[in-house]
Amino acid sequence: VQLQASGGGLVQAGGSLTLSCAVSGPRTTITGWFRQAPGKEREFVAAIGWSGATIYYGDSVRGRFTIARDNAKNTVDLQMNSLRPDDTAVYFCAAPRPTRISTGSKYYKDTREYDYWGQGTLVTVSS
């Protein structure tokens, strides 16, 4: 499984940006977006199941960000609205290996449940 994130950039507070993750290789059960700000731990942002019927959001982005996938194009997009300076981070997309069996009610938030990571794309929100 290979993932490549793109779409990062500089945006003013209150603005919008869309990130895209190109996914290639075997089908995975879920694809997630995480972010990491300087000096902070990697944080769960959103995740979506293969069919798109199952979607999860982190508390800090719920209501502002929307995750969606297009299986025909093999992409998972993250639409980010009402951006704030504290959204500034490197954003990564990630996926588990196809054979992984995840357990636990919050498995989708755990970085240890993801085996493949994209290279990250930087989002900077100016105040």
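Reckoned from all heavy atoms, side chains included, excluding hydrogens, waters and symmetry mates. Along the sequence shown, residues are numbered consecutively beginning with 1. Please read all numbers here as calculations on a predicted model, not as lab measurements.
Here the closest heavy-atom approach between residue Tyr116 and residue Pro98 is recorded as CE1-CD, 4.4 Å. A pairwise comparison of heavy atoms in Ile30 and Ala47 identifies CD1-CB, 3.8 Å as the closest pair. When all heavy atoms of Phe92 and Trp117 are compared, the pair lying nearest together is CB-CE3, 3.8 Å. The two residues Val125 and Thr88 have their closest heavy-atom pair at N-OG1, 2.9 Å. Annotation for Leu10 and Ser126: closest pair CD1-CB, 4.3 Å, computed over non-hydrogen atoms.
For the atom pair OG1 (Thr31) and CG (Asn71), the distance works out to 8.5 Å, reported to the nearest 0.5 Å. A distance of 8.5 Å separates CG of Asp87 from CD of Glu43, quoted to the nearest 0.5 Å. Here the CD-OG distance, from Gln79 to Ser16, works out to 5.5 Å after rounding to the nearest 0.5 Å. To the nearest 0.5 Å, atom CD1 of residue Ile48 and atom OG1 of residue Thr54 are 8.5 Å apart.
In terms of hydrophobic clustering, with Ile, Leu, Val, Met, Phe, Trp and Tyr side chains grouped at heavy-atom distances under 4.5 Å, Tyr56 and Phe65 are assigned to different clusters. Val11 and Val45 fall within the same hydrophobic cluster, defined by Ile, Leu, Val, Met, Phe, Trp and Tyr side-chain heavy atoms under 4.5 Å apart, directly or through other members. Following chains of ILVMFWY side-chain contacts shorter than 4.5 Å, one can reach Leu17 starting from Val76, so the two form part of one hydrophobic cluster.
Side chain to side chain, Thr29 and Arg97 fail the donor-acceptor criterion of an N or O pair below 3.5 Å.
Side-chain contact between Ser24 and Gln2 is present, with at least one heavy-atom pair separated by less than 4.5 Å. Contact check for Val123 versus Leu19: side-chain heavy atoms found under the 4.5 Å cut-off. Counting only heavy atoms from C-beta outward, the side chains of Arg27 and Trp50 approach each other to under 4.5 Å. Within the 4.5 Å cutoff, the side chain of Val1 has heavy atoms near those of the Val23 side chain.
Side chain of Gln4 to main chain of Cys21: no donor-acceptor pair is present (N/O by atom type, distance under 3.5 Å, no hydrogens or angles). Side-chain N or O atoms of Tyr114 include none that pairs as donor or acceptor with a backbone N or O of Cys93 at under 3.5 Å. Judged by distance alone, with hydrogens and angles left aside, the side-chain atoms of Thr121 form a donor-acceptor pair with the main-chain N or O of Gly8 at under 3.5 Å.
For an aromatic pair to be called close, the ring centres must be under 6.0 Å apart, and Phe34 with Tyr91 fails this.
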Item checked: Worked check of side chain to side chain contact (heavy atoms under 4.5 Å, CB included) between Arg64 and Arg84 -> CA-CA 10 Å; Arg64 300 187 298 124; Arg84 309 183 304 218; 3.6 Å; yes

Check: How far apart are the C-alpha atoms of Tyr57 and Trp33, what are their side-chain angles, what is the distance that settles it, and do they pass the side chain to side chain contact (heavy atoms under 4.5 Å, CB included) test?
Finding: CA-CA 9 Å; Tyr57 292 103; Trp33 281 97; over 6 Å; no

Item checked: Working for side-chain hydrogen bond (donor to acceptor under 3.5 Å, both in side chains), residues Glu41 and Thr111 -> CA-CA 10 Å; Glu41 293 186 353; Thr111 58; over 6 Å; no

Next item on the list: Go through the steps to decide whether Ser60 and Arg35 satisfy the test side chain to side chain contact (heavy atoms under 4.5 Å, CB included), and finish with yes or no.
Entry: CA-CA 12 Å; Ser60 61; Arg35 66 186 182 185; 3.2 Å; yes

Margin query: Pair Thr66, Leu78 - check side chain to side chain contact (heavy atoms under 4.5 Å, CB included), show working.
Written below: CA-CA 6 Å; Thr66 301; Leu78 184 69; over 6 Å; no

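With salt bridges taken as basic N to acidic carboxylate O contacts below 4.0 Å, none links Asp77 and Arg69.
Within a 6.0 Å radius of CZ in Arg62, other residues, nucleotides and ligands contribute more than 12 heavy atoms.
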